[in-house]
Each structure stands twice: as C-alpha cells, then as structure tokens.
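One structure is given below, encoded as structure tokens.
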Amino acid sequence: MDDFLHTFFDPDEILGVLPALLTEGLRNTLLIAVLAIVSGVVGGVVLAMLLLSRHRLVRLPARLYVDVFRGLPAIVTVSLVGVGLPAAGLRPFGREPLGYAVLAIALISAAYSAEIFRSGIQAVPSGQLHAARSLGMPYLTAMRVVVVPQGIRNVLPALAGQFIIDVKESALVYLLGLGFGQRELYFIAQERQAATYNSSALVAAGLCYLLVTIPLTYAVNWLDKRMRDGRPAAVPAKAVV
Amino acid sequence: MTTTVAAPPAVSVRGLHKQYGPLEVLRSVDLDVAAGETVCVIGRSGSGKSTLLKCLNLLEPPTSGEIRIGGTQITGMAVDAVRARVGMVFQHFNLFPHMSVVKNVTVALRHVRRLGKGEAEAAAMTQLQRFGLAGLAQQRPDRLSGGQQQRVAIARALAMEPEVMLFDEATSALDPELVKDVLDVMRTLAASGMTMLAVTHEIAFAREVADRVVFMDEGRIAEAGPARSTLDDPKTARLRDFLARVL
C-alpha cells in the first residue's frame, strides 16, 4: 500500500512538478485546446452546411473530408501534420510544434463537429426555413440567422463532449518534441516520470486536465439551460389567451 | 370589391401546372385575384390548394404556367424579390423560437429590407399594436398561446408591406377557442383592403368574409364564384358533396 501511495501520490513529487504544470503546462494545453476548439467549431459549421447542400459536387468533398478525419487515429493525423508537413517543406508554423498540433486537432475536431452540427441543423423543422425564405431572406441569410442558431442549440451537450476530446488530444503534441516554454501538461509530467520512475507527476497532470474538462462540461450545460429557458423576459409572462 | 379597369389583377395565374414525378398536383389552374379582394380556397386535403398557394411565392417552383403578381411575371424572377412582395402565414405559425416576438418581426426588416434597428422596431411595434400584441413584444414565442403566435406571424408578414397575403390553413392548428382570435384579425385585414388568398376549412368564415370562393378538386378549380351564392347554392355535385361533408 505504501508503494502504491508513493508511486502515485508522492507529495514531494507533486509539489515539485506543480509550478511547471500550472504556469507553463496549463497555459500551453489551454492555448492548443482553445485554438483547436474555436477553429473546429467554425470549420464544423461550414462543413455541416456543405454536407447539407443540395448539390452533390459540394456535398461529396465535405463527406470525404469528414470520413477521412473521423476515420484516422488522432495520433496518425498529428504525426502526418506535425512531422509530415515540415518534412515536405510545408512549414506554415515554422518550427513551432504547437501550431502544427493546433492545426491537426482542429482538422479532426472540425470533422466530428461537422456531423454534430449537421444532425442539429437537420433537427430544425423545415417550416423554419420556409418561413424565413417566405419573408424574402436569401438561403444563406436564412440559414445564418434562423436555422443554424437553432441547430447549434440542439447540440450543445454533444459539442461539450467534443470540446473535452479536443482538450485531451492536445497531449498528442508531445510526439512533435517540445522545447522549454512550449511544453504542455502531459509533456512535463511524462518527462518527470521518465526521470524518476514515479507517476505522481502524471497524477498531478491528470488533476490539471480535470480542472479544465469538468468545469467545461458544467459551463456548456449551464449555457444550454440558459438558452433553453430563454433569457429572462423583461416583462413578466402573462397567461393571456 | 370594385377595381379600376386599367389596374392589372393583384394575382394572375394562367395554366399553372405542378408535378412531383408522376403525380400531377395542379392541372392547369387559372385564377385572378383583384387588388383588395379576399379569395378563400377550399377543398379536400390533397386537392392541391396548399400547393397552389406555395407556387404563388415560389416556395414550390411551378412545373409550367404563368404567375403574375401586380402585373409582373414572377416565374423565372429572383425568388427573394418575389417573396418580399408576397406575405405568407403558415398552419404551424413557424415563429422563430430563439427570438423575442419583436425580433421575429424585425429580423426580415433588417436583413431583407435593410432597415436600421430603430426604424425596424418602430415598424414592428406598429404592427404588433394593431393586433393587441405590443405587451408581448419581449416574450419568447413559446410563452404565447397559439392564437397569439399566429397573430404575431401575421404581423411579421405584414411588416414587410406585401402586396398580397397568403394564408395556408392559418387556423387549422389552433384550439377551437383560439380560432376566432385569428379569424378576427383576418377579417380586419380583409376590410382594410388587403389582397388576400386564404386556404381554409372555415366555411362560415369564407362565406362571411371572402369576396369569392374557389373550390379545388384533384388539382383543378372545380367551381368558383361569389362566396355567398357559391356556398349556398353550389352548381357542381363535387362541391355539394364536399360541403355536405364539412358543414
């Protein structure tokens, strides 16, 4: 039992690694995750619109993209983007591995989000689009103003799951090799574990991940509830017929 | 209603066909609606009356035939330009649930007519006030009764200042005690000189408010004429049979 506690919960190990985790690690993890989540959502909405197009030539490339990036293991995509692109002479982010990690995770996230958004948008009754179009709104305006906002509301809980996956996949950047100052939570903890054969640093990193992912779930659920109830009305609701 | 001889009909339909694959929903429909006239379209479900209405704002593209709104041929025209001139009210209201009542009315004014926020809200409040809905402006649609929702939908369409209003079974989804609310609004609107084409199951309303009724059967206009005489004294066996079933 002592061995167990020592391996996973050694206070000296945890306190020793915590400053690096909280300053450098958490910052870089959040940086990768937030950028990937935002680009993933934007890319996902655009892809979802393409997936819903009436034109096969628009639908097919989007379909192919989604199938490929949902079908590949994340570790393969991260390696292809982070190692492959620079090796092929394509270096949009120079020697900055975090940039490649953001790109790779955003590509994957967009594919998953696209399917989430597509199902949400399809769940919006067709009468909504008809009503908007019959008021003279062009298709894209009607989608942007009327249909997509309702579709997103439909899928917020599912989207929270995707955000959590994005946070966790940020750890895959360790594959690309990180310099001092670029290290994120997992990289720092894993370095420490390799040096000491003690896993307490990983437990500390794990707690840091939970510090992000669990509030994230609650934040999205809160947003979901708020949108479902509608903003508090300025005038108290009257039960008038 | 009287019309000036020179003015073209508000709505003019010639030889309208609509086909879904092998299914012929409209077979050569001819119809004129004069400016300021109220025409009620009646008939069994599946007779093509809703499709006729949807063709008039190109929500359903006609297979062939000619449609003129205020004298302008609309088939082949940019659909959004047509729809801004033709208001439509749906059976299920189709209010936008994520917007307040007033935003439901202003959204098209802002995004289609490009009005500023203040101007759009003033126009919206004018319409809402007209139907006794001003107090509900900040509410979400799901807080409203069906009758209120449908009145908001009518206000939303009217705010665009359409030349013609189309009603697609506007009272069919309402509880019986709320039907009157909406019919009253339609009655006011008809009296104000709005050109209206209403698909309805409310035969009593058609008899009282419409200038003319059009009875559709199997994709054709089977009988049409002044509302009262046509409904009181139908000429065709089909209309007699239909009225016997619904009255």
Side-chain angles (χ1 to χ4, degrees), chain A residues 41 45 48-49 53-55 117 119-159 220 222-241, chain B residues 53-54 56-60 78-101 103-105 107-113 132-148 153 156-157 159-160 162 166 168 175 177-178 181:
Chain A
V41 164
V45 170
M49 303 270 290
S53 168
R54 276 181 300 156
H55 307 287
F117 286 128
S119 69
I121 291 169
Q122 277 182 323
V124 176
S126 61
Q128 290 289 311
L129 182 62
H130 288 163
R133 299 294 320 262
S134 78
L135 288 165
M137 285 188 213
Y139 175 78
L140 285 177
T141 308
M143 290 301 278
R144 182 169 56 82
V145 179
V146 173
V147 178
V148 172
Q150 293 183 59
I152 291 178
R153 264 152 239 236
N154 286 340
V155 296
L156 277 179
L159 217 49
V220 174
W222 173 81
L223 191 68
D224 182 47
K225 186 172 154 36
R226 206 186 89 127
M227 284 184 158
R228 232 160 264 289
D229 297 347
R231 259 164 286 166
V235 193
K238 278 181 281 182
V240 236
V241 176
Chain B
L53 226 55
K54 285 180 183 138
L56 294 181
N57 73 349
L58 302 182
L59 223 44
E60 294 286 358
V79 289
D80 300 322
V82 174
R83 290 177 186 147
R85 295 168 57 186
V86 182
M88 185 152 192
V89 175
F90 299 85
Q91 181 176 2
H92 295 289
F93 333 134
N94 298 351
L95 292 184
F96 307 134
H98 59 307
M99 299 177 188
S100 65
V101 162
K103 185 118 194 281
N104 262 277
V105 184
V107 65
L109 292 173
R110 304 211 53 198
H111 288 279
V112 179
R113 299 260 308 271
L133 298 161
L136 301 171
Q138 302 305 325
Q139 300 289 344
R140 295 280 173 142
D142 61 3
R143 301 277 188 125
L144 274 55
S145 73
Q148 289 169 334
R156 177 173 74 174
M160 295 295 285
L166 308 175
D168 190 7
D175 292 336
E177 76 271 20
L178 303 178
D181 267 14

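Below, read A as the first sequence line, B as the second, and so on, with proteins coming before strands; counting in each chain starts at 1. If you're wondering where the values come from, they're calculated on a predicted model, not measured in any experiment.
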Which atom names give the shortest non-hydrogen contact between [X] and [Y], and what distance separates them?
| X | Y | result |
| --- | --- | --- |
| A/Arg133 | B/Leu59 | CB-CD1, 4.4 Å |
| A/Val145 | B/Val107 | CG1-CG2, 3.4 Å |
| B/Asp80 | A/Pro138 | OD2-CA, 3.4 Å |

Under 4.5 Å heavy-atom distance to chain A, tell me which part of [X] shows up: side chain, backbone, both or neither.
| X | value |
| --- | --- |
| B/Phe96 | both |
| B/Arg113 | neither |
| B/Leu58 | neither |
| B/Val89 | neither |

Only counting residues at least two apart or in another chain, list the ones meeting side-chain hydrogen bond (donor to acceptor under 3.5 Å, both in side chains) with B/Arg110.
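side-chain hydrogen bond (donor to acceptor under 3.5 Å, both in side chains) list for B/Arg110, sorted by chain: empty.
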Applying a criterion of heavy atom separation less than 4.5 Å, what residues of residues 125-132 of chain A form contacts with chain B?
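Against chain B, the residues of residues 125-132 of chain A that fall inside the cut-off (heavy atoms, under 4.5 Å) are A/Gly127, A/Gln128, A/His130, A/Ala131, A/Ala132.
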If you round to the nearest 0.5 Å, how far is CD of A/Gln150 from NE2 of B/His98?
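So the gap between those two atoms works out to 5.0 Å.
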Is chain B contacted by the side chain of A/Ser134, its backbone, both, or neither, given a heavy-atom distance below 4.5 Å?
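Answer is both: backbone and side chain atoms of A/Ser134 are under 4.5 Å from chain B.
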Just give me the residue among B/Met160, B/Met99, B/Arg156 that pairs up with chain A most often, heavy atom to heavy atom, under 4.5 Å.
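Heavy-atom pairs under 4.5 Å are most numerous for B/Arg156.
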